[in-house]
J.: 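Here it is: the structure, laid out below.
Just so it is clear, the values below take in all heavy atoms, side chains as well, and ignore hydrogens, waters and symmetry mates.
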Amino acid sequence: MKRKIEVSELIFKIIAYFFLIVFAALCIYPLIFALSSMFSSFDAVRNNEIVLWPTGKLQIEAAKYVFNSSRFWVSYSNTLFVTFIGTIWCLIYSILGAYALSKKRLMGRHGWNFFLVFTMWFSAGVVPQFLNYQSTGRVMATIFAGSTNMSDIDLKWLIVLAMGMNATNIVLLRNSFEGVPSEIEEAARIDGATELQILTKVYIPMSKATIATVALFFGISRWNGYFWAYKVTNAAGQNYSWPVQVYMRDFIQLNTALTGKYSVDDAWEVADIGKATSIAYSMVVFAMIPILVIYPFIQKYFAKGVNMGGVKE
């Protein structure tokens, strides 16, 4: 027997679905606009005639330009490197830190947890953080190149090693580890398991959803990371270390009409604003592909992982 829907419940559902549809449309519109600008004619792009669907004679010249651009793919490979190695690095020390903080026997546990959470409330600011990155780069240059000049090392490694801390993700992992029954750990210890075996054989398998969620957070932040990568690599003049986001920003600044002017140098050789803008949107589409491909496979872990790590039992 079907339950009769109350009028107030029906009104709530209609309003909820309306806002959900509007929100979904606002999320998908930029992707549709980028695809339309990628394939629309250069005249339509230049004259801002695109609203939703491709306008004018369809073309693939912009996509071909991006596909044949060696500098774009070098920056793309830099982003793949930073994302893959950076996510693994962040997961390793985040899991180790969260595992230690989840143990009641850890000396000064409450103090360490307080300092971790304190960084979520207050930060030193942009300038101290930039100076810290520079100091870290000089230390790495001294160790690996025998120099204090940051440009003597590949700064992709600085982006990987120095920009991986995220207190929120460690808290999510810590809460997830705290939800693992202590009886399972005690049984493993009785069987002679070491601390590392308990972590890898008990805690990590039982927290796969949260770990997958945190890995998604780290991966997206590395893939979309722009500001600090730009500041660090530009300070040392390492254009070859640019991630794809920094490369696209430089292309847009030099070749499109966002500032009302464009310039052409030996690096770009794009003499038409419409073509350059279409190329820029093509780069955006190419840059989104890995996230669009990977996300559906780990989406099923997302809600479960956040719930497990966000709620302390």
Side-chain angles (χ1 to χ4, degrees), residues 80-123 136 140 143 157-225 290-313:
L80 289 172
F81 174 86
V82 169
T83 301
F84 182 72
I85 303 299
T87 300
I88 292 176
W89 165 251
C90 293
L91 278 178
I92 289 174
Y93 76 72
S94 294
I95 289 173
L96 293 175
Y99 178 71
L101 292 172
S102 68
K103 297 303 174 185
K104 295 181 180 179
R105 64 180 181 273
L106 176 67
M107 184 178 297
R109 174 174 178 265
H110 294 293
W112 294 118
N113 278 300
F114 170 77
F115 285 126
L116 177 68
V117 176
F118 185 83
T119 63
M120 299 168 59
W121 301 333
F122 305 98
S123 65
T136 304
M140 291 177 61
I143 296 174
W157 283 104
L158 177 61
I159 297 172
V160 168
L161 298 177
M163 302 181 184
M165 174 61 186
N166 189 295
T168 303
N169 291 339
I170 294 179
V171 170
L172 287 174
L173 288 170
R174 183 202 66 191
N175 291 348
S176 179
F177 290 160
E178 288 178 346
V180 175
S182 58
E183 292 80 6
I184 299 179
E185 179 181 349
E186 292 172 1
R189 290 190 184 279
I190 292 174
D191 291 337
T194 63
E195 203 73 51
L196 183 60
Q197 288 174 328
I198 292 174
L199 172 62
T200 56
K201 304 296 184 182
V202 176
Y203 280 86
I204 291 179
M206 296 188 69
S207 305
K208 287 190 295 184
T210 304
I211 292 174
T213 302
V214 170
L216 175 66
F217 289 159
F218 279 131
I220 291 178
S221 67
R222 296 297 170 278
W223 188 265
N224 291 329
I291 300 299
L292 295 177
V293 171
I294 294 174
Y295 184 79
F297 293 100
I298 57 179
Q299 181 183 8
K300 59 182 180 181
Y301 297 109
F302 186 77
K304 182 180 177 182
V306 172
N307 288 336
M308 290 178 60
V311 179
K312 182 177 180 181
E313 298 182 355

J.: If you compare all heavy atoms of Leu173 against all heavy atoms of Ala98, which two are closest, and at what distance to 0.1 Å?
T.: CB-CB, 3.5 Å
J.: Provide the full list of side chain to side chain donor-acceptor pair (under 3.5 Å) pairs with a residue in residues 110-121, sequence neighbours left out, each pair given once.
T.: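 The answer is Asn113-Arg174.
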J.: Given 3.5 Å as the limit, does a donor-acceptor pair link the side chain of Thr194 with the main chain of Gln197, or not?
T.: yes
J.: So, taking the atom named CE in Met206 and the one named CD1 in Ile211, what distance separates them when rounded to the nearest 0.5 Å?
T.: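 Here the interatomic distance stands at 11.5 Å.
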J.: Not counting sequence neighbours, which residues clear ring pair (Phe, Tyr, Trp, His ring centres under 6.0 Å) with Tyr93? List them please.
T.: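 Expected list: Trp89.
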J.: Return the set of residues passing side chain to side chain contact (heavy atoms under 4.5 Å, CB included) with Ile294 (not counting sequence neighbours), or none when no residue passes.
T.: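 Ile294 satisfies side chain to side chain contact (heavy atoms under 4.5 Å, CB included) with Ile298 once adjacent residues are dropped.
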J.: Roughly how far, to the nearest 0.5 Å, is the CG atom of Asn175 from the OG atom of Ser207?
T.: 10.5 Å
J.: Which heavy atom of Met120 sits nearest a heavy atom of Val171, and at what distance?
T.: SD-CG2, 4.0 Å
J.: Nearest 0.5 Å, what's the CG-CE distance between Leu161 and Met140?
T.: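 Answer rounded to 0.5 Å: 4.5 Å.
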J.: To the nearest 0.5 Å, what is the distance between CG on Asn166 and CD1 on Ile170?
T.: 7.5 Å
J.: Applying side-chain contact (heavy atoms from CB on, under 4.5 Å), run through Thr83 and Phe218 and close with a yes or a no.
T.: CA-CA 8 Å; Thr83 301; Phe218 279 131; over 6 Å; no
J.: Using the side chain to side chain contact (heavy atoms under 4.5 Å, CB included) criterion, which residues pair with Pro205? Sequence neighbours excluded.
T.: none
J.: Going by the rule side chain to side chain donor-acceptor pair (under 3.5 Å), which residues pair with Tyr99 if we only count those two or more places apart in sequence or in a different chain?
T.: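 Applying side chain to side chain donor-acceptor pair (under 3.5 Å) to Tyr99 gives Glu195.
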J.: Show the nearest heavy-atom pair for residues Arg109 and Leu101, with the distance to one decimal.
T.: NE-O, 2.8 Å
J.: Excluding sequence neighbours, so at least two apart, what forms side chain to side chain donor-acceptor pair (under 3.5 Å) with Lys103?
T.: Glu185, Tyr203
J.: Can you tell if the side chain of Phe81 reaches within under 4.5 Å of the side chain of Val160, non-hydrogen atoms only?
T.: yes
J.: To the nearest 0.5 Å, how far apart are OG in Ser221 and CG in Leu216?
T.: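 Between atom OG of Ser221 and atom CG of Leu216 there are 9.5 Å.
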J.: Looking at Thr87 and Gly219, what are the two nearest heavy atoms and their distance?
T.: OG1-CA, 3.4 Å
J.: Quick one: does Ser176's side chain have a donor or acceptor within less than 3.5 Å of a partner on Leu172's backbone?
T.: no
J.: Rounded to the nearest 0.5 Å, what separation is found between the CG atom of Asn169 and the CG atom of Leu91?
T.: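 Going from CG on Asn169 over to CG on Leu91, the span is 8.5 Å.
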